[in-house]
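Inspection log for the structure reproduced underneath, given as structure tokens.
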Amino acid sequence: MTATPSSIPTIAHWIAGQPAAGGTRQQDVFNPATGAVAGRVALADTAAVDQAVAAAQAAFPAWADTPPLRRARVMFKFLELLNQNRDALAKMITLEHGKVFTDAQGEVTRGIDIVEFATGIPQLLKGDYTEQVSTGIDNWTMRQPLGVVAGITPFNFPVMVPMWMFPVAIACGNTFVLKPSPTDPSASLFMAELLKKAGLPDGVFNVVQGDKEAVDALLVHPDVKAVSFVGSTPIANYIYETGAHHGKRVQALGGAKNHMVVMPDADLDQTVDALIGSAYGSAGERCMAISVAVLVGDVADKLIPKLIERTKTLKVLDGMNLDAEMGPIVTRAAHERISGYIDVGVNEGAKLLVDGRGFSGRAAGAGCDNGFWMGGTLFDHVTTGMRIYKEEIFGPVLSCVRVKDFAEAVKIINEHEFGNGVSCFTRDGNVAREFSRRIQVGMVGINVPIPVPMAWHGFGGWKRSLFGDMHAYGEEGVRFYTRQKSVMQRWPESTPKGAEFVMPTSK
């Protein structure tokens, strides 16, 4: 970072192994707990994007030729540095995003898991070999990197989501251009510095800060071979269509409306704990947050009073306070959007049990009066025709829907346009089995509220929560960032004389 005359730090790009200027526009970066401007981030123009892609393109041939084991050793060193600096990264997240420090630590840890997975790249890139597929002919496959690939990532996980992408892509032999959210950009530069310290050659990893101008420049750039994206469904759809139109491989993860089905036999105290944590953790600003509780049979009358009590007593505090359970909303605009949805829910006839809009920042800690604060909000008697049920609010708002039986619960979830994550709380093994098999959602939890897969399994939803064919990270991530080549080989001594005019067959 460099200091402006006003002493507010400027957050730059990272190109060819060093900080770089680019573009004349800037955007304020806020501390959401206080509402104060904490920095100004540069917004890349097309020329800055071109410069980053050119650096990545220049670095690609040598990096692709680097043996996978040597690439893995860089990942091992990066892993070591991440573990040494995990709290520094977590603090950056809390100060720019607002999520509580312990949650930010968890985010960093889940990102580190992907780096650990990427250190195994020599095993993951192994091909197949078949001797004597025909007389004198052997056949084998190999997986090779694509070239320059890009990641466009959201504000809610400024460390973990980029790590879903670049460790796997780089370990596979690609070079990378990251376009993080301008809302909380500092972590991207810190990770770039750690990669350089780990021995990553200049140009293999680049960062362009920016907005739609930078995104569009990446989507149309002929040297960018693949794009990974996480964000809202309308933008994911745009990324997918635009990138594919320009011949790129695209994985675009979109929005969600995650349900938790609560069966009458569920352990109520465990279920309340799960709902409170998954609905209000990170202020609901997670694509895997539970935003709808589907209450089956008579369980609603038993559960709702417990939910009201817990929602009202949430510890909403400055994220650096280790007692905090929920921090502020990320931006003033997001706060206004969420407040608007609460108005919509009331006007649509849902019963507002707890209204988070009256929360005062003064209760969150010293200096928090002007922060973007909100408490947890709880609705009951929400129906599937309401906007607060159908649309992604992306805030600390939990809607309770009452259904008569298990079949109705499965039906309304399968009819929803999103299919990202879902959970079912029950003691019945057959219910759990049927739910897992019949629900049309990509990530399923049984008595697990936020079923984010581990590093070696891969992350991705169904329906309008994912555009593209391959999930993020895991073995699907390796396949996304590589392409298969098949080689058939025969030597002259085993080649029959004479031209062959028919389709080759095994002989």
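Values below: all heavy atoms of this structure, side chains included; hydrogens, waters and symmetry mates excluded.
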> Taking atom types as modelled and ignoring hydrogens, do the side chains of E392 and S232 form a donor-acceptor contact shorter than 3.5 angstrom?
Replying inline: no
> Roughly how far, to the nearest 0.5 Å, is CD1 of I93 from CG of N156?
Replying inline: 10.5 Å
>> If I take atom CD1 from residue I276 and atom OG1 from residue T311, how far apart are they, to the nearest 0.5 angstrom?
In response: 3.5 Å
> What are the two closest non-hydrogen atoms of V168 and F117, and how far apart are they?
Replying inline: CG2-CD2, 4.3 Å
>> Less than 4.5 Å apart, side chain to side chain, heavy atoms only: is that true for L43 and P182?
In response: yes
>> Would you say that more than 12 heavy atoms from the other residues, nucleotides or ligands in this model lie under 6.0 Å from the CD of Q105, or not?
In response: yes
>> Taking CZ in R362 as the centre, count heavy atoms belonging to other residues, nucleotides or ligands within less than 6.0 Å. Is the count above 12?
In response: no
> Are any of the side-chain nitrogens in R310 or D273 under 4.0 Å away from the carboxylate oxygens of its partner?
Replying inline: yes
> Under a 4.5 Å cut-off applied to non-hydrogen side-chain atoms, are L200 and I170 in contact?
Replying inline: yes
>> side chain to side chain contact (heavy atoms under 4.5 Å, CB included) for S423 and N258? Distances and angles first, verdict last.
In response: CA-CA 8 Å; S423 184; N258 305 312; over 6 Å; no
>> Is it the case that the side chain of N174 and the backbone of A169 share a donor-acceptor pair, with hydrogens and angles ignored and the cut-off at 3.5 Å?
In response: yes
> Roughly how far apart are E96 CD and N31 CG, rounded to 0.5 Å?
Replying inline: 8.5 Å
>> For G442, is there any backbone N or O sitting under 3.5 Å from a side-chain donor or acceptor partner on N420?
In response: no
>> If you compare all heavy atoms of V208 against all heavy atoms of A52, which two are closest, and at what distance to 0.1 Å?
In response: CG1-CB, 3.5 Å
> According to the interplanar angle, ranging from 0 to 90°, do the rings of F176 and F205 count as parallel (below 30°), tilted (30 to 60°) or perpendicular (above 60°)?
Replying inline: parallel
> Under the 3.5 angstrom rule, does the side chain of K248 hit a backbone N or O of V224 as a donor-acceptor pair?
Replying inline: yes
>> Do Q251 and E476 make a side-chain contact, defined as non-hydrogen atoms from C-beta onward lying under 4.5 Å apart?
In response: no
> Checking Y280 side chain against L275 main chain: does a donor-acceptor pair fall under 3.5 Å?
Replying inline: no
>> Closer than 3.5 angstrom, by distance alone: can the side chain of R249 be matched with the main-chain N or O of F480 as a donor-acceptor pair?
In response: yes
> Do you know the tightest heavy-atom contact between A72 and P122?
Replying inline: CB-CD, 4.0 Å
>> Applying the side-chain contact (heavy atoms from CB on, under 4.5 Å) criterion to Q209, which one of I11, T10, V29 satisfies it?
In response: I11
> Looking at G98 and P328, what are the two nearest heavy atoms and their distance?
Replying inline: O-CD, 3.2 Å
>> Would the distance check show the side chain of K179 and the main-chain N or O of A150 forming a donor-acceptor pair, the cut-off being under 3.5 Å?
In response: no
>> Does any part of the side chain of V227, heavy atoms only, come nearer than 4.5 Å to the side chain of L218, both counted from C-beta?
In response: no
>> How close do W373 and G327 get, counting heavy atoms only, and between which atoms?
In response: CZ3-C, 3.6 Å
> Taking the side chain as C-beta and beyond, is there a heavy-atom pair between S188 and W14 under 4.5 Å?
Replying inline: no
> To the nearest 0.5 Å, how far apart are CZ in R40 and CD1 in I8?
Replying inline: 4.0 Å
> Hey, are the side chains of V207 and F166 touching, using non-hydrogen atoms and a 4.5 Å cut-off?
Replying inline: no
> Is any side-chain heavy atom of M142 less than 4.5 Å from a side-chain heavy atom of L125?
Replying inline: no
> Quick one: does P396's side chain get under 4.5 Å of I338's, heavy atoms only?
Replying inline: yes
> Aromatic rings F372 and F30: how do their planes relate, parallel, tilted or perpendicular, breaks at 30° and 60°?
Replying inline: perpendicular
> What's the verdict on salt bridge (Lys or Arg N to Asp or Glu O under 4.0 Å) for E80 and K77, showing C-alpha distance, side-chain angles and the deciding distance?
Replying inline: CA-CA 5 Å; E80 178 186 352; K77 184 61 177 177; 3.5 Å; yes
> Only one of R286, R86, K99 forms a salt bridge (charged side-chain N to carboxylate O under 4.0 Å, His left out) with E107, so which one is it?
Replying inline: K99
> S291 side chain to L398 main-chain N or O, any donor-acceptor pair under 3.5 Å?
Replying inline: no
>> Using only atom types and a distance under 3.5 Å, with no angle test, would you say the side chain of K463 pairs donor to acceptor with the backbone of H416?
In response: yes
>> Tell me if a side-chain donor or acceptor on T175 pairs with a main-chain N or O of F60 at a distance below 3.5 Å.
In response: no
>> Looking at every heavy atom in both T94 and F101, which two are closest together, and how far apart are they?
In response: OG1-CA, 3.4 Å
> How far apart are the C-alpha atoms of H13 and Q51, what are their side-chain angles, what is the distance that settles it, and do they pass the side chain to side chain contact (heavy atoms under 4.5 Å, CB included) test?
Replying inline: CA-CA 11 Å; H13 316 299; Q51 184 184 359; over 6 Å; no
> Can you tell me how far the CE atom of M288 sits from the CD1 atom of I290, to the nearest 0.5 Å?
Replying inline: 7.5 Å
> Once the angle between the rings of F459 and Y473 is folded into 0 to 90°, is it parallel (under 30°), tilted (30 to 60°) or perpendicular (over 60°)?
Replying inline: tilted
> Is it true that atom CG of D469 has more than 12 heavy atoms of other residues, nucleotides or ligands lying nearer than 6.0 Å?
Replying inline: no
>> Working note: I388 + V397, criterion side chain to side chain contact (heavy atoms under 4.5 Å, CB included); need CA distance, chi angles, decisive distance, verdict.
In response: CA-CA 9 Å; I388 61 169; V397 180; 5.8 Å; no
> Is there a side chain to side chain contact (heavy atoms under 4.5 Å, CB included) between R464 and N237 once you walk through the steps?
Replying inline: CA-CA 8 Å; R464 288 182 61 79; N237 195 5; 4.1 Å; yes
> So, the side chain of R143 versus the backbone of L124: is there a donor-acceptor pair under 3.5 Å, distance only?
Replying inline: no
> For atom CZ of R337, is the number of surrounding heavy atoms from other residues, nucleotides or ligands below 6.0 Å larger than 12?
Replying inline: yes
> Measuring from T271:OG1 to M260:CE, what's the distance to the nearest 0.5 Å?
Replying inline: 7.0 Å
